[in-house]
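Encoded as structure tokens, the structure appears first; notes follow it.
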Number of protein chains: 2
Amino acid sequence: MSAANTPYAVNHISVDSVIFGYDGRKLMVLLLPEQVRMGREVFRFRKLPGDLILREEDLEEAVHRIVRDLTGIDVLKMIQIKTYGSKGRTSETDMRWLLQNNGVTIDGIVTTSYLSVVKINRQLESLRKKFGFEWTPVQGIEQLAFDHNRLIEDGLALLKNVSDATPEILFDLLPRKFTIPQYRLLCEQVHRRHYDPGNFQKKVLGKMPYVLPLEEFETGTGHRAARYHRFDKTAYKRLRK
Amino acid sequence: MSAANTPYAVNHISVDSVIFGYDGRKLMVLLLPEQVRMGREVFRFRKLPGDLILREEDLEEAVHRIVRDLTGIDVLKMIQIKTYGSKGRTSETDMRWLLQNNGVTIDGIVTTSYLSVVKINRQLESLRKKFGFEWTPVQGIEQLAFDHNRLIEDGLALLKNVSDATPEILFDLLPRKFTIPQYRLLCEQVHRRHYDPGNFQKKVLGKMPYVLPLEEFETGTGHRAARYHRFDKTAYKRLRK
DNA sequence: ACAAAAGTGTTTTAGGTACACCCATGT
DNA sequence: ACATGGGTGTACCTAAAACACTTTTGT
């Protein structure tokens, strides 16, 4: 049904972004609620922020623009996860197949996914209310639109790999002031394993001199209060040179 | 200059494959010689095997087909490296911009690169002669067409990461019979570091029970002959379960 | 005999794990 | 007082590194 005169596939390109957040207890992923009216029925579902890229737009530019438009968030760094061809994919491609260009039917949509992380703070909470996005715990996520569950899995796997090579990314996820147990819980969720609390404490304090103790402690815990720490980016970069 | 009636980019998709080989001494990458006539002048250059994908074709299908067509090689496994947008890329996009579909100018070409490895054996050598591809040492590679130097860099980085998680890939690169020093040299080139020969030997023999010694030795070396070994896939898989 | 690389053995070091135990806080 | 998790100290185990030394081969 394609009207083009070459055998080569003609595609639109879309980008989807897997944005992780951490509320101090659980690793979360950012989702957008959507609804589609089909006659009398209304289907509700949630999806990752994403859209088609525009002419004259590079992939990275596009994902930054789209995330800003859909969530208000100006994400600093995007890491490419993977590209998914149009064949054998779910209804996302079908749904947008209608898009035509001067009678040339698009053969499909190729999707490239990106990983990013954000600190959940007051500013971000106000954006959440304004734009209506939602944080969902990565563990026990529901069935999502399209193949978005897979994108999240692949994104989480990449987050794990990246954080091995570049611990910095996990501190971008933590609040400015955090406790070692909070950091440990985050690591446990990213690496899907358990860490001994005592050993973890010692490793961080002994091997990560860019994690600095503050004179401030948690309150209202029902047990000994944990000390707050902060991530010193300058010391971190100096160490990595 | 685009005649389409939506703001969305319309692209062709191309795939390029970075295929590594190992001759027992040096890590090599497979390149195809090309020449383009521009009036009286003939430009010669080398490039990675790659082409545009066809309608109704998935990315992986396409890269397998293209590699088979261009080199005769039926590669078993392809690992996606990265996708490069069309904007700000070099002349590859320009060169093929001419491709049009019913008056709709394509906005650009998005390229996805794939990593693969092959054993250089007699069968492969005969394919090399038949299809005219060339093996080039990864170290000290010349300036290639388009952004192919970058693709190779990114491919090598991925090979390193993959081989950390899955040592098997390096044995796919080694000949069926190999010596421990050959394996060590390969690891040194992939990981860009030096290994102590004695320690390396012990690590392989002690921690990799799927590397089996043979009753066969190198000859004509000018020094003590190294023992040949082989990779036992069955034992390897059993261990990883 | 000698050079040169294969291969073995020994020692040291660093990092991870297990776990006992003390500390601080809310109920 | 007690439960709960924060945090410290100690012992142990394993893997990696350093390096001395022996073995084998071609010239």
Side-chain angles (χ1 to χ4, degrees), chain A residues 22-26 160 163-165 167 170 174-175 177-231 239-240, chain B residues 22-26 160 163-167 170 174-175 177-230 239-240:
Chain A
Y22 182 59
D23 69 354
R25 286 208 291 281
K26 282 186 169 181
K160 177 179 163 181
S163 70
D164 282 338
L170 294 188
L174 286 163
K177 293 186 313 191
F178 58 88
T179 66
I180 305 296
Q182 278 176 345
Y183 176 41
R184 172 167 50 82
L185 254 53
L186 174 59
C187 284
E188 289 184 342
Q189 288 173 75
V190 169
H191 288 86
R192 295 169 177 280
R193 56 160 292 194
H194 167 79
Y195 292 101
D196 177 87
N199 292 334
F200 190 87
Q201 180 95 8
K202 276 174 296 179
K203 189 168 86 175
V204 173
L205 267 40
K207 307 278 158 55
M208 301 170 107
Y210 45 82
V211 174
L212 304 179
L214 301 175
E215 289 308 323
E216 216 170 326
F217 296 83
E218 273 187 323
T219 51
T221 54
H223 55 77
R224 177 172 174 180
R227 182 190 283 269
Y228 280 113
H229 295 255
R230 71 178 183 87
F231 175 69
L239 206 70
R240 304 232 121 201
Chain B
Y22 182 59
D23 68 355
R25 287 206 293 280
K26 283 187 167 180
K160 177 180 163 182
S163 71
D164 282 338
T166 319
L170 295 189
L174 286 163
K177 294 188 310 193
F178 58 88
T179 66
I180 305 297
Q182 279 176 346
Y183 177 40
R184 174 168 48 83
L185 253 52
L186 174 58
C187 285
E188 289 185 342
Q189 288 173 76
V190 169
H191 289 85
R192 294 170 177 281
R193 55 158 293 193
H194 167 79
Y195 292 101
D196 176 88
N199 292 334
F200 190 87
Q201 180 97 8
K202 275 175 296 179
K203 190 168 87 176
V204 172
L205 266 41
K207 308 278 161 56
M208 302 171 106
Y210 43 81
V211 174
L212 305 180
L214 301 174
E215 290 307 321
E216 215 170 328
F217 296 82
E218 271 187 325
T219 50
T221 55
H223 55 77
R224 178 172 174 179
R227 182 190 282 269
Y228 280 112
H229 295 255
R230 71 178 184 87
L239 206 71
R240 305 231 122 202

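Labels below follow one simple rule: chain letters A, B, ... track the order of the sequence lines, proteins then strands, and each chain is numbered from 1.
Panel note: side chain B:Tyr22, backbone B:Leu185; no donor-acceptor pair is recorded below 3.5 Å. A distance-only check finds no donor-acceptor pair linking the side chain of B:Thr166 to the backbone of B:Ser163 [under 3.5 Å].
Pairing each heavy atom of B:Arg25 with each of B:Gln189, the nearest pair is O-NE2, 2.9 Å.
Taking only distance into account, the side chain of B:Asp196 never meets the base of D:dA16 through a donor-acceptor pair shorter than 3.5 Å. Evaluation of atom-type donor-acceptor distances gives a pair under 3.5 Å for the side chain of B:Lys202 against the base of C:dG9. If you check distances only, the side chain of A:Lys207 never reaches the base of C:dG15 with a donor-acceptor pair under 3.5 Å.
Nearest to the side-chain atoms of A:Arg193 among the listed nucleotides C:dA6, C:dT25, C:dT17 stands C:dT17. Nearest to the side chain of B:Lys203, among C:dT25, D:dA17, D:dA16, sits D:dA16. Each of C:dT8, D:dG6, D:dG9 was ranked by its minimum atom distance to the side chain of A:Asn199; first place goes to D:dG9.
To the nearest angstrom, C1' of D:dG6 lies 12 Å from CG of A:Leu205. Rounded to an integer number of Å, the gap from B:Gln201 CD to C:dG7 C1' is 5 Å. Atom CD of A:Gln182 and atom C1' of D:dG5 are 14 Å apart (whole Å). Taking atom NE2 of residue B:His191 and atom P of nucleotide D:dA16, one finds them 12 Å apart after rounding to whole Å. Summarising the geometry, the separation between CD on A:Glu218 and P on D:dT4 is reported as 17 Å, rounded to the nearest angstrom. Atom NE2 in B:His194 sits about 12 Å away from atom P in C:dA5, given to the nearest Å. One atom, CZ of A:Phe217, and another, P of C:dA24, lie 10 Å apart when rounded to the nearest Å. Rounded to a whole Å, the CZ atom of B:Arg224 is 8 Å from the C1' atom of D:dT22.
In terms of phosphate contacts, B:Arg184 brings a side-chain nitrogen or oxygen within less than 4.0 Å of OP1 or OP2 of C:dA6. Contact annotation: B:Arg227 side-chain N/O to D:dT25 OP1/OP2 distance is not under 4.0 Å.
Nearer to the 5' terminus of DNA chain C, by closest-nucleotide assignment, is the contact made by B:Thr179 (compared with the other of B:Thr179 and A:Thr221). Taking the nucleotide of DNA chain C with the nearest heavy atom to each of B:Gly198 and A:Gly222, the more 5' of the two is matched to B:Gly198. Taking for each of B:Thr219 and A:Tyr228 the nucleotide of DNA chain D with the nearest heavy atom, the 5'-most of the two is the partner of A:Tyr228.
Counting non-hydrogen atoms of other residues, nucleotides and ligands closer than 6.0 Å to CZ of B:Arg240 gives a total above 12.
Using a 4.0 Å heavy-atom cutoff across all strands shown, A:Pro181 reaches sugar-phosphate atoms only and no base atom.
The pair A:Arg227-A:Glu218 does not meet the salt-bridge criterion, since no charged nitrogen lies less than 4.0 angstrom from a carboxylate oxygen.
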